[in-house]
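Shown next, in structure tokens, is the structure this report addresses.
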2 protein chains.
Amino acid sequence: MPTGGATTYTGPVEDYLKAIYELERSTGSAATTDIAHRLEIAPASVTGMIRRLADQRLLDYEPYRGVRLTETGLRVALRTIRRHRVIETFLVRVLGYSWDEVHAEAERLEHAVSDALVDRMAAALDEPTVDPHGAPIPTREGTVDEAHYASVEELAPGERARVVRVSDEDPARLRYLGSLGLTPGVTVMVAARAPFDGPITLRIGSGRRATQQVVGPSLAHSLLVERLRTPHRPPHRPPHRPPQRPPHGPPLGPPG
Amino acid sequence: MPTGGATTYTGPVEDYLKAIYELERSTGSAATTDIAHRLEIAPASVTGMIRRLADQRLLDYEPYRGVRLTETGLRVALRTIRRHRVIETFLVRVLGYSWDEVHAEAERLEHAVSDALVDRMAAALDEPTVDPHGAPIPTREGTVDEAHYASVEELAPGERARVVRVSDEDPARLRYLGSLGLTPGVTVMVAARAPFDGPITLRIGSGRRATQQVVGPSLAHSLLVERLRTPHRPPHRPPHRPPQRPPHGPPLGPPG
DNA sequence: AAATATAATTAGCCAAGCCTAAAATTCTAC
DNA sequence: GTAGAATTTTAGGCTTGGCTAATTATATTT
């Protein structure tokens with residue numbers, strides 16, 4: 001049963017819940033040190049906050065055994081993420097911000113806007129489903145389409161793919177990617193890969209306007225893509241592995 | 001010498017400075033109890049905060065003798081007020097908010113927006129000079145045009161004036177005034193006044209579309225106006241008293 | 001299995017902002 | 001000028017959300 005309430009949370013509380021949500025989603029679980037690292041807060045402080053969040057029923061917590069978002073905690077996390085991404089989209093589309101400027105601004109505003117304002121912004125934007133980096137925007141109702149995409153890092157030479165999301169917040173990196181034309185929607189093809197985590201040569205765009213650029217594994221990791229049928233010369237594709245991961249794998253260790 | 005700095009202040013600090021600015025402006029000084037009343041905070045807590053603000057050189061303070069904004073404090077206060085009013089204007093003009101909804105939202109956002117965002121909003125609005133209630137918007141450089149207006153309460157029967165500002169934040173009162181057509185820009189004429197702080201009958205608008213409404217002294221006090229030359233039949237104007245009250249006279253009451 | 005390394009928690013501290021109750025100061029009236 | 005009223009400050013306490021240093025629990029080696 002939802003509190004039905006207009007309960008309001010502090011900025012730090014929302015930040016923790018967001019971080020824990022992202023960690024659960026991407027690595028399956030949220031360890032104290034992970035949270036600490038992500039929020040740039042000392043681990044001891046994280047333990048303290050975890051206790052407070054657990055007291056408020058936003059987390060399930062057993063000392064030394066990790067945390068898990070409760071239903072309420074998940075709802076608050078997704079609401080905060082919705083705010084963040086709607087704000088980012090609004091700043092870019094209505095106020096002409098570039099995609100590298102919006103994160104810092106949204107990070108502060110997400111704790112100050114009302115739900116009514118977020119809804120008005122979303123309406124003005126015609127209910128966007130992704131933010132300027134391609135990240136999905138949770139709905140008002142708290143659902144989100146968290147598809148799992150491959151990164152360019154995982155593509156084999158010759159594979160073609162469309163960039164669907166750029167999973168990075170760093171302004172400098174975003175500016176650089178933007179200058180290479182590596183933004184959501186663009187088509188890329190892996191022209192070459194150097195071994196041992198070496199640089200990846202990408203053909204960016206299609207047809208006559210395509211360019212060729214080299215990116216390191218770190219940037220490649222941020223580029224999430226959807227594979228496209230490779231038109232000709234499928235060079236070297238492995239046998240066809242079964243679905244890489246379950247849609248929402250079990251956040252924690254093996255059932256045993 | 002300005003700190004030149006991107007110094008950032010907490011929400012409470014900005015709220016105190018705003019309150020002190022408004023009190024200094026409207027009553028000439030800011031007493032502890034006035035601040036406490038305006039912010040709905042216990043006087044003892046206000047003393048505590050005043051000490052902190054003085055430590056930060058935002059106020060000049062001598063115990064038991066009152067406070068005064070320093071140059072820095074004034075700058076921060078005006079910056080916060082600019083943020084507030086630009087946000088209000090943006091919400092109304094871009095997102096279709098009504099003038100009664102914006103205060104609460106701006107009250108939170110003013111502490112979260114960057115100066116860059118405020119400037120972008122102001123640019124998108126073509127550098128507005130007043131907010132939706134007619135309040136002047138301080139410039140980026142920290143200057144404001146704080147003209148002193150009479151209120152409808154001070155108008156004599158027969159006097160015509162233009163509403164320039166509605167000095168109220170309460171949503172219910174603003175909605176009511178809006179429903180009567182009493183918004184900035186509108187012309188009013190005092191058709192009648194009941195004695196002993198009684199209701200004031202106003203002719204609102206001009207020509208064929210004018211309506212007649214009765215407002216109490218409290219609402220009348222919120223309606224700030226600019227007197228207009230009264231066209232004809234100056235009905236009953238007393239001999240021409242010298243300026244009714246000093247620009248910021250004692251609130252009311254018979255001169256005796 | 002014991003030793004060590006890593007991770008997490010506890011202990012004790014701090015500042016910001018709030019509170020109430022009590023004391024001090026200033027103002028107002030007589 | 002002094003008593004009483006009003007204002008302001010001090011004293012002492014609380015919560016939130018940080019910190020470091022020390023301790024405890026869990027994992028990893030050997």
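Just so we're clear, the structure is a prediction, and the values are computed from it rather than from any experiment. Proteins come first, then strands; the chains are lettered A, B, ... in the order of their sequence lines, and each starts at number 1.
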Inset, instruction - Give the intermediate values and the outcome of salt bridge (Lys or Arg N to Asp or Glu O under 4.0 Å) for residues A:R165 and A:D131. - result: CA-CA 9 Å; A:R165 179 170 173 184; A:D131 78 6; over 6 Å; no
Inset, instruction - For a side chain to side chain contact (heavy atoms under 4.5 Å, CB included) with B:L58, tell me which candidate from B:I50, B:L69, B:V13 qualifies. - result: B:V13
Inset, instruction - Take the protein atom OH of A:Y61 and the nucleotide atom P of C:dA8, then report the distance between them rounded to whole Å. - result: 10 Å
Legend entry - Nearest atoms (heavy-atom pairs only) where B:R82 meets B:D119: NH2-OD1, 3.2 Å
Inset, instruction - Please state whether the rings of B:W99 and B:H133 are parallel, tilted or perpendicular, taking 30° and 60° as the class boundaries. - result: parallel
Legend entry - Salt-bridge criterion met for B:R120 and A:E101 (N-O under 4.0 Å): yes
Inset, instruction - Looking at every strand, decide which applies to A:T47 at a 4.0 Å heavy-atom threshold: base, sugar-phosphate, or nothing. - result: base
Inset, instruction - Report the distance from atom CG of B:L39 to atom P of C:dC18, rounded to the nearest whole Å. - result: 8 Å
Legend entry - A:T33 side-chain N/O to C:dA8 phosphate OP1/OP2 under 4.0 Å: yes
Legend entry - Whole-Å distance separating the CG atom of B:D15 from the P atom of C:dC18: 9 Å
Are there any protein N/O atoms within less than 3.5 Å of an N/O atom in nucleotides 16-18 of chain D, and if so, which ones and at what distance?
| from | atom 1 | to | atom 2 | distance (Å) |
| --- | --- | --- | --- | --- |
| D:dG17 | OP1 | A:T10 | OG1 | 2.5 |
| D:dG17 | OP2 | A:R52 | NH1 | 3.4 |
| D:dG18 | OP2 | A:Y16 | OH | 3.4 |

Inset, instruction - Whole angstrom is fine here: how far is it from CG in B:D34 over to P in D:dA6? - result: 16 Å
Short heteroatom pairs, N/O only, protein and nucleotides 21-27 of chain D, under 3.5 Å:
| from | atom 1 | to | atom 2 | distance (Å) |
| --- | --- | --- | --- | --- |
| D:dT24 | O2 | A:Y64 | OH | 3.4 |

Legend entry - Qualifying residue, where the test is side chain to side chain contact (heavy atoms under 4.5 Å, CB included) with B:Y61 and the options are B:L53, B:D55, B:T47: B:T47
Legend entry - Worked verdict on A:E62 versus A:R68 for side chain to side chain contact (heavy atoms under 4.5 Å, CB included): CA-CA 9 Å; A:E62 270 188 285; A:R68 162 149 294 183; over 6 Å; no
Legend entry - Pairwise ring-ring contact (aromatic ring centres under 6.0 Å, His included) hits with a residue in residues 10-46 of chain B, at least two apart: none
